[in-house]
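Given the structure is predicted, the values throughout are model-derived calculations rather than measurements.
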Amino acid sequence: MRTVVPAQPTGPLPDAWRACVGTGRMNLALRSDYRDSLTRVQQEIGFRHIRGHGVLSDDMGVLRTDEIDGRTHSRYAFSYVDQVHDFFLSVGIKPFLELGFMPSQLASGDQTVFWWKGNVTPPRDHGEWVALVQAFLRHQIERYGIDEVRQWPIEVWNEPNLTVFWKDADQPAYFRLYEETARAIKDVDASLQVGGPAICGGSDDEWWAPFTDFVTSRDVPIDFVSRHAYASGPVQRIPFGVYQTQMPPQDLLEQFDAPRRYLQGTPLAGLPVHITEFNTSYRPDNPIHDTAYNAAFLAPVLAGGGDMAASFSYWTFCDVFEEANVPTSFFHGGFGMLTHRQVAKPTYHLYAFMARMGRDVLARGEDHLVCSDPDGRVTVLAWQPVGGTDGADAAEHRVELSLPVRGDAAFVLRERVNEHDGNAFAAWREMGRPMSPTARELDLLHACARPSVEHDVARTAGGRVELDLTLARHEVTFVELTPVTPTHHEGLDDRRLLGADDDRLVARHERGRA
């Protein structure tokens with residue numbers, strides 16, 4: 001059945017999908033491959049904030065100590081932080097600060113997480129932690145100005161509901177850390193934004209009510225709440241990787257909405273909700289991330305997630321990422337939209353398509369999003385619906401739309417990403433899965449990563465264009481319709497291109513016209 005798209009917008013397209021993006025630990029932002037990747041992302045997509053772990057971890061060198069004659073000397077050092085934040089701002093992206101992990105000099109224990117050993121224990125002395133946080137923020141303000149830093153949300157820690165990220169998942173200990181940190185931040189400047197608890201799924205019942213009771217009963221500052229969301233099941237291990245079952249995309253949207261549901265009727269109801277991590281799988285070695293299926297799965301999430309959250313941050317923008325050690329293969333199931341060396345995955349193209357959508361929403365359905373701009377441009381994002389491991393999965397899918405278009409004709413541009421087109425992962429498999437591609441193989445992967453392109457002209461009838469799309473397996477497609485304004489060129493006649501009256505080089509849409 002053809003969907004008749006109304007001519008009047010329902011409102012602006014929410015941009016929560018581009019409000020933030022995730023990254024590997026901050027130290028990686030000193031690497032050229034990382035910087036090249038983020039530069040491309042900002043040029044073609046343009047996120048507003050970036051969030052990652054480890055801004056206070058040992059490899060950033062923020063807290064330095066020196067032993068001389070039995071006496072310990074301490075100094076705050078911001079050289080690496082300055083280089084990272086200077087670079088972020090130079091490419092038009094602002095930090096979304098996650099305060100963590102614990103510098104080893106301040107830690108109460110030696111428990112760490114990840115290959116790069118981020119310390120996940122509480123501070124041995126909260127006063128020392130507070131002093132570090134305040135010195136860190138005051139340095140940011142001195143360097144970038146208070147008006148800038150007020151635009152950087154500050155999240156206290158990462159997934160304290162998990163024992164791997166917070167020693168014993170000790171809830172009272174996290175609440176104390178949150179209170180001490182939030183008050184310290186507000187003492188620096190009352191307008192700085194602070195929030196948490198940055199929990200992942202599975203602990204909503206155990207965390208939201210106690211956290212709400214704690215911050216409200218003690219009048220602890222909180223400007224936003226945060227949560228993480230992933231759609232994958234138990235890990236099935238293979239050498240240097242994993243497989244997992246996948247829940248339907250709707251499950252991710254329900255997770256986005258969890259803070260609102262749990263906080264309804266509480267003093268925290270109405271606070272902005274930031275989903276500071278999300279993806280299909282929570283593992284950095286699950287090949288699902290490299291597939292066209294991943295893009296089709298996430299298309300309805302990007303189209304609809306703005307109804308549930310102020311931001312939802314894709315984890316992560318590139319494969320320069322080392323939580324589970326250095327990757328052993330070029331494609332390895334990394335979280336990134338881009339591989340090393342900036343080869344675009346299908347999910348990257350989904351985001352790039354979203355970045356080109358029109359300003360206002362005309363229609364949104366289970367397999368499409370239609371937008372428009374004031375100048376008459378109409379854009380369509382369409383996808384083959386997928387339903388997770390247990391969902392139906394068709395070889396192709398039809399989307400039939402009746403679109404409002406100004407004028408007599410429209411130039412139609414279509415770009416496609418599916419199991420074959422715009423799919424470097426598919427090409428890599430056809431190449432024999434080279435672990436370390438040669439320069440020539442890398443050039444081929446870049447070429448195969450480009451979406452396929454089709455173009456045509458469509459005549460309007462009654463101010464409408466009938467658009468019939470056949471989507472291949474796991475396809476995400478972008479269509480742009482631009483009203484055509486014909487320009488008269490004196491004496492120009494394509495029938496004379498061969499020096500005689502000949503139709504062979506006449507544009508297809510003009511053949512048969514006088």
Side-chain angles (χ1 to χ4, degrees), residues 40 44-45 241 243 246 249 279-281 286-303 318-319 329-356 367-369 379-389 391-401 412-435 437-438 440-456 467-480:
R40 177 179 176 183
E44 298 181 3
I45 300 173
Y243 294 117
Q246 294 294 321
N279 207 319
T280 46
S281 167
N286 186 332
I288 195 70
H289 297 133
D290 301 329
T291 65
Y293 184 95
N294 204 70
F297 184 101
L298 293 177
V301 177
L302 267 63
C318 80
D319 277 352
S329 178
F330 187 79
F331 278 104
H332 57 274
F335 288 123
M337 301 178 193
L338 295 174
T339 69
H340 292 85
R341 313 285 185 89
Q342 299 84 57
V343 174
K345 302 181 188 181
T347 299
Y348 180 88
H349 295 305
L350 167 64
Y351 271 86
F353 292 163
M354 282 291 292
R356 294 161 58 193
D367 57 6
H368 65 272
L369 171 68
T379 53
V380 177
L381 182 74
W383 57 89
Q384 181 207 14
V386 297
T389 300
D393 194 348
E396 66 176 33
H397 180 71
R398 292 276 296 175
V399 178
E400 299 177 353
L401 304 171
V412 182
L413 176 73
R414 179 180 180 183
E415 298 183 36
R416 306 173 63 166
V417 173
N418 50 50
E419 285 295 332
H420 181 269
D421 299 318
N423 193 331
F425 181 60
W428 177 76
R429 290 188 291 187
E430 292 162 357
M431 287 178 181
R433 305 176 189 257
M435 289 188 177
T438 64
R440 175 56 180 157
E441 287 171 333
L442 190 62
D443 287 344
L444 292 172
L445 290 172
H446 276 289
C448 294
R450 290 193 285 268
S452 67
V453 177
E454 305 167 12
H455 54 86
D456 202 349
L467 184 68
D468 295 337
L469 303 173
T470 300
L471 277 62
R473 189 175 183 84
H474 305 153
E475 179 164 322
V476 176
T477 196
F478 172 81
V479 184
E480 179 181 62

Checklist outcome for this item: Closest non-hydrogen contact found for H289 with G334 is CB-O, 3.1 Å
Next on the checklist: For the CZ atom on R473, are there more than 12 heavy atoms of other groups (residues, nucleotides or ligands in this structure) within a distance under 6.0 Å?
Outcome noted: yes
Checklist outcome for this item: Test side-chain hydrogen bond (donor to acceptor under 3.5 Å, both in side chains), reference K345, set N294, D319, N423, output is D319
Checklist entry - Between I45 and Y348, is any pair of side-chain heavy atoms under 4.5 Å apart? => result yes
Checklist entry - Taking T477 for the side chain and E415 for the main chain, is one N or O donor matched with an acceptor at less than 3.5 Å? => result yes
Checklist entry - Is a side-chain N or O of Y293 found less than 3.5 angstrom from the main chain of G388, in a donor-acceptor match? => result yes
Next on the checklist: When you measure from the side chain of R416 to the backbone of D421, do you find a donor-acceptor pair of N or O atoms at a distance under 3.5 Å?
Outcome noted: no
Next on the checklist: Is there a side-chain contact between H349 and V476 in this structure, where contact means two heavy atoms from C-beta onward sitting under 4.5 Å apart?
Outcome noted: no
Item to check | Check: R40 and M337 side chains under 4.5 Å, non-hydrogen atoms | outcome: no
Checklist outcome for this item: CG of L338 to OG1 of T347, rounded to nearest 0.5 Å, is 10.5 Å
Item to check | Approximate separation, where rounding is to 0.5 Å, of E419 CD and E475 CD | outcome: 10.5 Å
Checklist outcome for this item: Here the pair of heavy atoms bringing A472 nearest to N418 is CB-ND2, 3.7 Å
Item to check | Minimum heavy-atom distance L369-A303, with the two atoms named | outcome: CD2-CB, 4.3 Å
Next on the checklist: Using only atom types and a distance under 3.5 Å, with no angle test, would you say the side chain of W428 pairs donor to acceptor with the backbone of P434?
Outcome noted: yes
Next on the checklist: Can a donor-acceptor pair be found, under 3.5 Å and without considering hydrogens, that links the side chain of Q384 to the backbone of H474?
Outcome noted: yes
Next on the checklist: Whether the side chain of D468 engages the backbone of E400 through a donor-acceptor N/O pair (distance < 3.5 Å, no angle test) should be reported.
Outcome noted: no
Next on the checklist: Within the supplied structure, the quantity of interest is the number of heavy atoms (other residues, nucleotides, ligands) at a distance under 6.0 Å from H446 NE2; does it exceed 12?
Outcome noted: yes
Item to check | CG on N286 to OG1 on T291, rounded to 0.5 Å | outcome: 9.0 Å
Item to check | Sub-4.5 Å side-chain heavy-atom contact between V417 and F353 | outcome: yes
Checklist entry - Under 6.0 Å from the CE atom of M435, do we count more than 12 heavy atoms belonging to anything else shown? => result no
Item to check | side-chain contact (heavy atoms from CB on, under 4.5 Å) between V412 and E454, worked out | outcome: CA-CA 8 Å; V412 182; E454 305 167 12; over 6 Å; no
Checklist entry - Just how far is it from atom CG of L445 to atom OG1 of T339, taken to the nearest 0.5 Å? => result 7.5 Å
Checklist entry - side-chain contact (heavy atoms from CB on, under 4.5 Å) between F330 and L442: does it pass, once the steps are laid out? => result CA-CA 10 Å; F330 187 79; L442 190 62; 3.7 Å; yes
Next on the checklist: Whether the side chain of T438 engages the backbone of E441 through a donor-acceptor N/O pair (distance < 3.5 Å, no angle test) should be reported.
Outcome noted: yes
Item to check | Side-chain touch P451/F478, heavy atoms, less than 4.5 angstrom | outcome: no
Item to check | Min side-chain heavy-atom separation Q246-S281 under 4.5 Å | outcome: yes
Item to check | Single hit among T379, L413, L469 for side-chain contact (heavy atoms from CB on, under 4.5 Å) with V479 | outcome: L469
Checklist entry - Any chance CZ of R450 has more than 12 other-residue heavy atoms, nucleotides or ligands included, within less than 6.0 Å? => result no
Item to check | Nearest-0.5 Å distance that lies between atom CG in L298 and atom CH2 in W383 | outcome: 11.5 Å
